[in-house]
Student: 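For reference, the structure I am asking about is given below.
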Amino acid sequence: MSMTIIEKILARGSGLEQVEAGDVVVCDVDMTVLIDLQFATMWAEPTRIADPERLAVVMDHAVPAPSVQDADGGVRARAFVRRFGIERFFDVGRHGICHQVVAENGLARPGEILTCTDSHTCAAGAYNTAARGLGPVEVYSIMCTGKTWFQVAPTIRYDLAGTKPEVVSGKDIFLHMAGTYGDATNHNIEFGGAGLASVPMNDRRTIATQGAEVSADFTTFPADELCLSFLKDHTGDRLEPVEADADAIYAARREIELSALEPWVARPGSVAENALPVSQVERRKVDQCFIGSCANGQLEDLRIAAAVLRGRRVAPGVRLIVTPASQAVYADAVRAGYVGALADAGAIVTNSTCGACFGYHMGLLGAGEVCITASTRNFKGRMGSPDAEIYMASPFTVAASAVAGEIVDPRELVA
Amino acid sequence: MTIELLEGSAWVFGDSIDTDNMYPGFAMKLSMEEAAKHVFYDLRPGWSEAVQPGDIVVAGRNFGIGSSRPVAQLFKQLGVVALVAEEFNSLFFRNSINFGLPAVTIPGVTATVGDGDRVRLDVSAASIERVADAQTLEGVKLPDFVLDIVGQGGLMAKLAGDGYLPAGVAGTPSRGGS
Ligand code: SF4
């Protein structure tokens, strides 16, 4: 046996003793998630599905419906759910961004395979799950047949050492990786090392989510104590974590000394080889700041934003949009007083949805505007006009920049 | 399954072309016909009018990084018959195959094939020939079952054949994710 985490999970899923990079395997899929957008255009109702117990439907990208097309998608989603008796239906009101809903409801379990159309499905890699986005047709097929195929990619291993400083978040760790090592196209990413114990679950989720931004296939973490205690609060008892073998074969092995990290920022367009420590980034004046998305709309992200904004104001001429990743996060943030603190400071706290992250139905950027975002993507045109510039950073850096009115090192603010 | 030899003009793009370049967020609100008009809207304005049925899109490394948006549908709408790249993002690759649009990895292709060159693409053999001087490059052969999906016109057609779709419904599911 010499397998990485992903190789072991895919071996388990395909009923094989051993799989290695280059193999093509056919796997049973443990959980598949359908999202609202899939129902909004050209949805064809299937004649039968593999297993309603292994299917979830989440209303997330465009809720409440911003167009008749999206509203009609909701009608179709509800009819589908009724017809096939799908219990895991997260309709508007118990909704959230699907990757957050997956985490909150224990749909991602260690050692299992989770699929969804959406590219950021890799988020569930934080829970020792083989999770990735496969596109609308593949996911439709999995819904019907319960199976899919994977070509097993080689794995890049990151060993985390040292202790993560408080001002450094998962976003910073990821931006450091992307800025330093570039993309990981057709590779998996695996994490390990003693430093992992200092990286909380929300930060792991951010990192796993962002794996898609370096074009990785799967991004996975081991199920250490922290992970297992998180999962105990969110899942049943069927936990069968998967560890990498000591002699697993990696395409590359890289170490990150966490204690040496500082906040990082990606410059507009991409993250790979395009991110720098905040101290080296130009202090651009910003028009919009966004904290949200499946990567950074978690409760901890809202807590950080509220902590920065409490007793301060969003700078004149700047919009700060904060979007909780789920209705549950929203409710928790209200109870914890984060929403009040943010609103008092002049931030806009929105309903949970993908929203500003993908330039679809709110919080869009106009030509010539500059945005700093804690969401997942800084592609040109991602959040509206292709003539807007999108920087990416942690919620801490984004919140501090909203107060300063320009991109700043958040450590200046607390000092 | 063998797929017929394709011949068309090549449109050559660079590295890490992302899905938002091909299927921008605002186009997700439009019909496929309308959305197709915005492929490469910023990178190469006017491209969707210049591209001809039978043409082939050629790109560099990490082609298609980004969303699960079904860009392949837009390419098909415009008559593009295949994608060739030095390297594909694996989600983008799978989307193309599943929509019945051949996607062939041919290292070195962007150094050999220039914008506007006539090329012949043998999908089954994973080879591309520059028509002007018959220079040929070999790429990575697709597994037989993948060729089979492409040959059948995509995965939905296969599912329809297996009885998962009501008779007469050849619809393709939606816009994927963000
Ligand atoms: S929050 Fe953004 S990246 Fe995440 S699923 Fe929604 S649109 Fe995609």
Side-chain angles (χ1 to χ4, degrees), chain A residues 24 35 37-49 61 66-67 69-70 73 98 116-121 132-141 144-145 149 151 153 183 185-186 212-215 217 270 272 354 357-361 364 376-377 379-384 386-387, chain B residues 15-16 18-21 24-26 28-32 41-43 61-70 72-73 87-100 105 143 145-146 149 154-156 158-160 162-167 169-178:
Chain A
V24 174
I35 58 173
L37 292 182
Q38 286 172 277
F39 293 91
T41 50
M42 299 173 73
W43 171 255
E45 185 99 344
T47 53
R48 60 188 196 276
I49 64 172
H61 275 66
S67 71
Q69 176 177 283
D70 290 297
C98 58
C116 165
T117 181
D118 192 88
S119 59
H120 290 100
T121 306
R132 60 163 302 180
L134 289 173
V137 182
E138 192 68 33
V139 161
Y140 190 93
S141 171
C144 294
T145 67
W149 63 273
Q151 177 147 35
D183 69 79
T185 311
N186 294 315
E213 285 348 278
V214 286
S215 225
D217 282 14
S270 65
C354 291
C357 175
F358 78 120
Y360 185 70
H361 65 107
L364 275 71
T376 58
R377 284 201 166 124
F379 294 161
K380 198 170 193 220
R382 168 74 176 179
M383 299 173 73
D387 299 318
Chain B
D15 291 340
S16 297
D18 66 57
T19 50
D20 287 56
N21 254 307
F26 67 83
M28 295 176 77
K29 294 198 188 94
L30 308 173
S31 66
M32 285 295 160
Y41 73 108
D42 181 59
L43 202 61
R61 279 201 61 239
N62 192 12
F63 185 28
I65 179 177
S67 309
S68 67
R69 296 171 194 178
Q73 272 186 314
E87 174 188 62
F88 284 92
N89 166 282
S90 63
L91 168 57
F92 184 72
F93 170 82
R94 171 113 40 152
N95 257 338
S96 299
I97 296 301
N98 284 343
F99 281 104
T105 304
F145 79 96
V146 169
I149 294 169
L155 193 52
M156 288 307 278
K158 192 164 154 45
L159 289 170
D162 293 342
Y164 287 108
L165 292 174
V169 176
T172 314
S174 75
R175 296 171 301 181
S178 47

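The figures here come from the full heavy-atom set of this structure, side chains too, leaving out hydrogens, waters and symmetry mates. Lettering follows sequence order; numbering is per chain, from 1.
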Student: When heavy-atom pairs shorter than 4.5 Å are enumerated against chain B, which of A:S215, A:G359, A:P66, A:P46 gives the highest number?
Tutor: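 Top option by heavy-atom pairs under 4.5 Å: A:S215.
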Student: Using heavy-atom distances under 4.5 Å, tell me whether A:S67 contacts chain B through its side chain, its backbone, both, or neither.
Tutor: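 Answer is neither: A:S67 stays 4.5 Å or more from chain B.
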Student: Find the one option among A:T145, A:I49, A:V24, A:V139 whose heavy-atom pairs under 4.5 Å with chain B are most numerous.
Tutor: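 Of A:T145, A:I49, A:V24, A:V139, A:T145 has the most heavy-atom pairs under 4.5 Å with chain B.
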Student: Are A:H361 and A:D70 linked by a side-chain donor-acceptor pair shorter than 3.5 Å?
Tutor: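 Per modelled atom types, A:H361 and A:D70 side chains form no pair under 3.5 Å.
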Student: For the candidates B:I97, B:D42, B:N21, which exhibits the highest count of non-hydrogen atom pairs separated by less than 4.5 Å from chain A?
Tutor: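 Winner by heavy-atom pair count: B:D42.
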Student: Look at B:L43, B:L159, B:D162, B:D18 and state which one has the largest set of heavy-atom pairs under 4.5 Å with chain A.
Tutor: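 The answer is B:D18.
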Student: Out of B:S16, B:G163, B:P24, B:P143, return the one with the most heavy atom pairs under 4.5 angstrom to chain A.
Tutor: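 Heavy-atom pairs under 4.5 Å are most numerous for B:G163.
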Student: For a side-chain contact (heavy atoms from CB on, under 4.5 Å) check, start with the C-alpha distance between A:S270 and A:E213, then their side-chain angles and the critical distance, and finish with the verdict.
Tutor: CA-CA 8 Å; A:S270 65; A:E213 285 348 278; over 6 Å; no
Student: Which residues pass the ring pair (Phe, Tyr, Trp, His ring centres under 6.0 Å) test with B:F26, sequence neighbours left out?
Tutor: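 Scan of B:F26 (ring pair (Phe, Tyr, Trp, His ring centres under 6.0 Å), adjacent residues dropped) gives B:H38, B:Y41.
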Student: B:F92: which residues meet the ring pair (Phe, Tyr, Trp, His ring centres under 6.0 Å) condition with it, sequence neighbours left out?
Tutor: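 Checked B:F92 against ring pair (Phe, Tyr, Trp, His ring centres under 6.0 Å); matches are B:F63.
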Student: Measure from NZ or CZ of A:R48 to the centre of the six-membered ring of B:Y164 and say whether it is under 6.0 Å with the direction within 45° of the ring axis.
Tutor: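 The answer is yes, since A:R48 meets both limits relative to B:Y164.
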